[in-house]
Asks: 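After the structure tokens below, expect a handful of questions from me.
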Amino acid sequence: MSKEATSETAMRLFRRYEGNPILTAEDWPYPVNAVFNPASCSLDGSTLLLCRVEDMRGFSHLTAARSADGLTDWNVDKKPTLEANHSTVEERWGLEDARIVWLEEQKTYAITYVSYSEGGPVVSLAITKNFQTFARLGAMIPPEDKDACLLPRRFNGRFALIHRPIVGGEAHIWMSLSPDLKHWGDHRPLIRTRSAWWDTPRVGLACQPIEIPEGWLIVYHGVRSTTAGAIYRAGLALLDLEEPWRVLRRSAEWVLGPQAYYERVGDVGDVVFPTGAVVHEDTNQLYLYYGAADNTVAVAIADIDQVRDYIRSCPESEHLF
Ligand code: BMA
């Protein structure tokens with residue numbers, strides 16, 4: 001495929017749902033400032049979004065919303081589903097930006113979320129079977145860390161965590177491995193920022209990794225700093241299915257960037273921040289849920305076969321630097 005062809009495809013891969021934004025502060029059963037950056041999963045045949053909800057003090061908690069079709073008629077929990085314990089060091093200033101993955105071996109959902117404390121943002125792990133009761137397993141890796149998600153199974157006996165520590169002032173995506181979800185090692189950079197491209201000075205994992213025949217499809221966000229402020233966009237990468245520390249492909253272009261009014265204007269304008277995905281096998285569609293301008297929840301829809309064709313046509317990642 002030519003460069004023009006891939007750029008054209010990248011622009012058309014995701015289609016914004018015409019009912020966007022799908023969730024706003026007005027939909028909440030209690031007073032809140034903003035609802036954004038939702039984790040997602042399928043639960044009992046419906047879609048569950050675990051949304052970041054910012055209260056009127058500026059602290060965030062996580063609240064679940066459920067919908068049969070993943071687009072309309074959301075049923076929002078009447079009170080916070082997972083609230084910060086403000087008396088602990090780990091959660092002093094709230095909970096943000098969860099990601100969810102189903103761990104088949106444990107028969108449980110694993111939720112990785114950012115808790116905010118004096119040491120800076122840190123990634124913590126909670127597990128649940130029903131999104132009503134949760135076991136909190138604590139911080140995974142010392143701060144500063146964000147944008148984390150587990151892969152759903154072990155590789156050579158070890159769990160893999162994709163996350164975004166700040167190392168030497170640089171914000172690349174890393175992978176770490178663990179035999180028990182508690183002790184983490186073999187830390188290595190996975191997807192780096194690309195000097196002068198749309199995805200520098202920061203990148204971070206977006207939604208949970210999606211298994212496709214070609215490998216693990218990764219949606220990641222890239223931040224560009226401009227004189228008018230940061231622009232948050234999303235691009236794609238592909239990891240090897242059996243050795244996910246190997247990056248096979250990476251999109252040159254972003255596939256979703258702020259264009260619609262609700263993405264350009266909000267508490268933080270020019271932000272699309274995907275944090276959840278649901279694959280609908282019946283229609284062969286990928287629903288990508290994202291925070292728009294740190295204000296509302298929106299969804300963009302792609303045809304899985306088109307995404308697969310596109311990522312296969314992307315350059316091998318080493319060739320991009
Ligand atoms: C990032 C995170 C997100 C937020 C985004 C845009 O650093 O903190 O929660 O949506 O900035 O403000």
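As the structure lists them, so they are numbered: ligands from 1, and atoms in each ligand from 1.
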Asks: Could you verify whether a donor N or O on one side chain and an acceptor N or O on the other, from R99 and T112, lie under 3.5 Å apart?
Replies: no
Asks: Quick check against the 3.5 Å criterion: does K129 have a side-chain atom that pairs as donor or acceptor with the backbone of K107?
Replies: yes
Asks: Answer yes or no for R52: is there a heavy-atom contact with ligand 1 below 4.0 Å?
Replies: yes
Asks: Against heavy atoms of D97, which atoms of ligand 1 measure under 4.0 Å?
Replies: 2 (C), 3 (C), 9 (O)
Asks: What is the nearest protein non-hydrogen atom to atom 1 (C) of ligand 1, stated with its residue, atom name and distance?
Replies: Y232 OH, 3.5 Å
Asks: Would you say R12 has more than 12 foreign heavy atoms packed within less than 6.0 Å of its CZ?
Replies: no
Asks: List every atom of ligand 1 that sits less than 4.0 Å from any heavy atom of K146, numbering the atoms from 1 in the order shown and giving each element.
Replies: 2 (C), 7 (O), 8 (O)
Asks: Contact between M140 and L161 at the side-chain level, heavy atoms closer than 4.5 Å - yes or no?
Replies: yes
Asks: Backbone, side chain, both or neither: what part of N37 comes under 4.0 angstrom of ligand 1, heavy atoms only?
Replies: side chain
Asks: Counting non-hydrogen protein atoms only, what is the nearest one to atom 12 (O) of ligand 1? Give residue, atom name and distance.
Replies: D294 OD2, 2.7 Å
Asks: Which heavy atom of L241 sits nearest a heavy atom of F155, and at what distance?
Replies: O-CE2, 3.3 Å
